[in-house]
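Heavy atoms only: backbone and side chains are in, while hydrogens, waters and symmetry mates are out. Letters A, B, ... mirror the listed sequences (proteins, then strands); counts begin at 1. Because the structure is predicted, anything quoted here is derived from the model rather than measured.
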Number of protein chains: 2
Amino acid sequence: MTKQQVLEEALNLFAHHGYENTSLAHIAKAVGIKKPSLYNHFSNKEAIFFEVLDEVVKRQIQFFEQKGSELNQDSIEDQLHDFYDIYLDYMTTSTEGMFFKRVTFFPPENFSDEIKKAFLRVEDTLTNSLIPVFEKGIEEGKLRKLPVPMLTSAFYTLIDGLFLEENFYDTDILNERKKASWEIFWLGIRHPEEA
Amino acid sequence: MTKQQVLEEALNLFAHHGYENTSLAHIAKAVGIKKPSLYNHFSNKEAIFFEVLDEVVKRQIQFFEQKGSELNQDSIEDQLHDFYDIYLDYMTTSTEGMFFKRVTFFPPENFSDEIKKAFLRVEDTLTNSLIPVFEKGIEEGKLRKLPVPMLTSAFYTLIDGLFLEENFYDTDILNERKKASWEIFWLGIRHPEEA
DNA sequence: AATCAACTAACTAACGTTTGTTAGTCTCAT
DNA sequence: ATGAGACTAACAAACGTTAGTTAGTTGATT
């Protein structure tokens with residue numbers, strides 16, 4: 001039980017302050033125990049981090065798999081836009097998203113390899129949800145006949161950009177950016193005959 | 001002279017390891033002096049940081065102003081694409097760019113306000129170089145008649161996305177992303193009659 | 001039912017290191 | 001001879017970590 005609390009609080013603190021700025025004292029205080037007691041559950045600070053990372057990857061994958069399967073049979077545009085919204089919202093508002101952002105942007109020196117692996121694992125799940133949507137869109141003549149990897153690539157870059165911008169801009173400007181990027185992206189990928 | 005060296009080495013270290021992971025001992029060692037000697041030139045660590053930040057902002061602004069004025073009279077597409085390339089290259093390869101990335105993504109707790117100001121100052125310069133290009137493109141009928149703020153917004157988001165992705169992907173994948181994003185962006189903004 | 005051993009999970013105290021910072025001193029140009 | 005800029009020495013605070021102790025629970029043995 002305590003162990004789960006530690007993981008939860010550590011996730012929170014890592015997400016908001018980063019790994020190196022989160023001390024064991026902080027974590028212990030958040031849980032309500034003393035610093036050395038952490039060693040009853042984890043062998044060291046790194047171990048806490050990796051368990052948190054693992055947990056976050058699991059949650060993210062589960063989240064995206066669920067959302068991917070929930071995509072209803074609306075128009076391609078709606079499906080993509082929903083995905084865009086959901087993904088962005090999750091990444092910018094959830095603790096897991098913030099943690100992910102922190103550790104993928106600037107991995108704690110040393111374990112950047114493990115983190116890259118984790119990142120790519122999550123991205124894979126996402127791609128698998130995305131590919132069929134694009135493929136169907138092209139088949140149905142709703143989208144330009146562009147290579148699917150090109151579409152997913154551009155889609156990610158869009159999202160990554162907004163993901164980053166969420167750092168500097170307040171909600172108003174961010175929403176404007178979100179809208180602008182989406183509109184131009186959509187103009188770029190939709191089949192020109194369809195209008 | 002020593003002071004300039006300190007600023008240069010601090011810039012380097014802050015760019016590669018971040019503010020909190022860079023100790024005064026590191027900086028002193030890089031310069032070739034002892035830690036307390038730093039206090040002959042700066043009142044404390046924060047002061048070093050802010051002088052570095054100031055210097056970086058100056059350099060970035062100068063760089064973009066120059067590049068903006070150098071844009072030749074090629075086609076709109078080439079002008080924009082050049083900008084895209086130059087900006088990305090600068091942000092991903094120069095020490096100043098890396099520093100900027102570090103401090104804007106995750107500002108050292110406390111002085112995030114100052115950093116935001118710096119970021120917006122640089123962005124302003126960039127926007128001023130960009131607006132006339134888009135305006136001319138629309139006038140000449142090369143681009144869709146979209147609101148210019150929408151174009152700049154989307155353009156930034158694109159670049160920000162790639163800027164971020166430079167963290168995880170090796171050159172090959174990154175170049176693929178770069179290409180994909182640009183192509184779809186261009187399809188989105190170019191005037192459909194022109195082809 | 002009572003006893004004892006083993007385990008869990010908390011604690012206090014202290015470790016050695018690193019952090020940013022200050023005080024005081026020496027040296028060398030101006 | 002004055003001051004700038006280097007130095008050594010030392011500081012308190014915070015870091016991750018270890019050692020040793022104690023209380024509470026569980027299971028098996030008598």
Side-chain angles (χ1 to χ4, degrees), chain A residues 1-56 99 102-103 105-115, chain B residues 1-56 99 102-103 105-115:
Chain A
M1 200 66 261
T2 307
K3 182 165 180 175
Q4 281 309 310
Q5 281 181 53
V6 171
L7 289 175
E8 216 55 47
E9 296 296 343
L11 164 58
N12 232 303
L13 290 165
F14 289 155
H16 287 94
H17 309 289
Y19 176 76
E20 4 246 349
N21 295 324
T22 299
S23 71
L24 294 183
H26 287 137
I27 298 173
K29 185 158 202 177
V31 175
I33 60 176
K34 293 299 153 93
K35 189 168 57 153
S37 302
L38 292 170
Y39 286 82
N40 289 323
H41 307 279
F42 304 90
S43 58
N44 53 31
K45 195 185 174 188
E46 283 196 20
I48 299 180
F49 178 80
F50 282 119
E51 287 212 30
V52 170
L53 179 64
D54 236 57
E55 179 64 27
V56 168
F99 172 85
R102 271 275 179 187
V103 305
F105 283 14
F106 297 110
E109 223 116 317
N110 300 329
F111 22 103
S112 84
D113 279 355
E114 289 293 331
I115 290 172
Chain B
M1 199 68 260
T2 307
K3 183 165 180 177
Q4 282 310 311
Q5 282 180 50
V6 171
L7 289 175
E8 215 56 45
E9 296 297 342
L11 164 58
N12 232 303
L13 291 164
F14 288 155
H16 288 92
H17 310 288
Y19 176 77
E20 3 245 349
N21 294 326
T22 299
S23 71
L24 294 183
H26 287 136
I27 298 174
K29 186 159 201 175
V31 175
I33 59 176
K34 294 298 155 87
K35 190 168 56 154
S37 302
L38 293 169
Y39 285 81
N40 290 323
H41 306 280
F42 303 90
S43 59
N44 54 31
K45 193 186 177 187
E46 283 197 18
I48 299 181
F49 177 81
F50 281 119
E51 288 212 33
V52 169
L53 179 63
D54 235 58
E55 179 64 26
V56 168
F99 172 85
R102 271 274 178 187
V103 305
F105 283 14
F106 297 111
E109 223 115 317
N110 299 329
F111 23 103
S112 84
D113 279 354
E114 290 292 330
I115 290 172

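Under the 4.5 Å side-chain criterion, counting only non-hydrogen atoms from C-beta, B:Glu55 is not in contact with B:Leu7. Looking at B:Val103 and B:Phe49, their side chains come closer than 4.5 Å, going by heavy atoms from C-beta outward. Contact check for A:Thr2 versus A:His41: side-chain heavy atoms found under the 4.5 Å cut-off. Side chains of A:Lys3 and A:Phe42 form a contact here, defined as non-hydrogen atoms less than 4.5 Å apart. Put simply, the side chain of A:Phe14 does not reach to within 4.5 Å of the side chain of A:His26, judged on heavy atoms.
For the pair B:His41 and D:dA6, the criterion of a side-chain N or O lying under 4.0 Å from OP1 or OP2 is met. For the OP1/OP2 pair of D:dC7 and a distance below 4.0 Å, the side-chain nitrogens and oxygens of B:Ser37 include at least one atom meeting the criterion.
Spacing between atom OH of B:Tyr39 and atom P of D:dA10 amounts to 19 Å, rounded to whole angstrom units. In this structure, B:Lys34 atom NZ and D:dT8 atom C1' are separated by 9 Å, rounded to whole Å. At whole-Å resolution of the value, CZ in A:Phe42 and P in C:dA10 are 11 Å apart. The CG-P distance, from A:Leu38 to D:dC15, rounds to 13 Å in whole Å. Between the CG atom of A:Asn110 and the P atom of D:dG16 there is a distance of 14 Å, given to the nearest Å.
Taking all atoms of both residues into account, the shortest heavy-atom contact from B:Leu24 to B:Leu38 is O-CD1, 3.5 Å. Taking every heavy atom of both residues into account, B:Tyr39 and B:Asn44 meet most closely at CE2-CA, 4.0 Å. Of all heavy-atom pairs between A:Arg102 and A:Ala15, the closest is CG-O, 3.3 Å. Across all their heavy atoms, A:Pro108 and A:Glu20 have their closest contact at CA-OE2, 3.3 Å.
The side chain of A:Lys35 lies closest to D:dC15 when the candidates are C:dT21, D:dA6, D:dC15.
With A:Lys45 contributing its side chain and A:Thr22 its backbone, the two residues share a donor-acceptor pair below 3.5 Å. When atom types are taken as modelled, the side chain of A:His16 and the backbone of A:Asn12 share a donor-acceptor pair closer than 3.5 angstrom.
Contacts of residues 43-51 of chain B with DNA chain D (heavy atom under 4.0 Å): none. Sorted by residue number, the members of residues 13-32 of chain A with any non-hydrogen atom under 4.0 Å from DNA chain D read A:Thr22, A:Ser23, A:Leu24.
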Could you list, one pair per line, each protein nitrogen or oxygen that sits under 3.5 Å from a nitrogen or oxygen of nucleotides 23-30 of chain C, together with the distance?
none

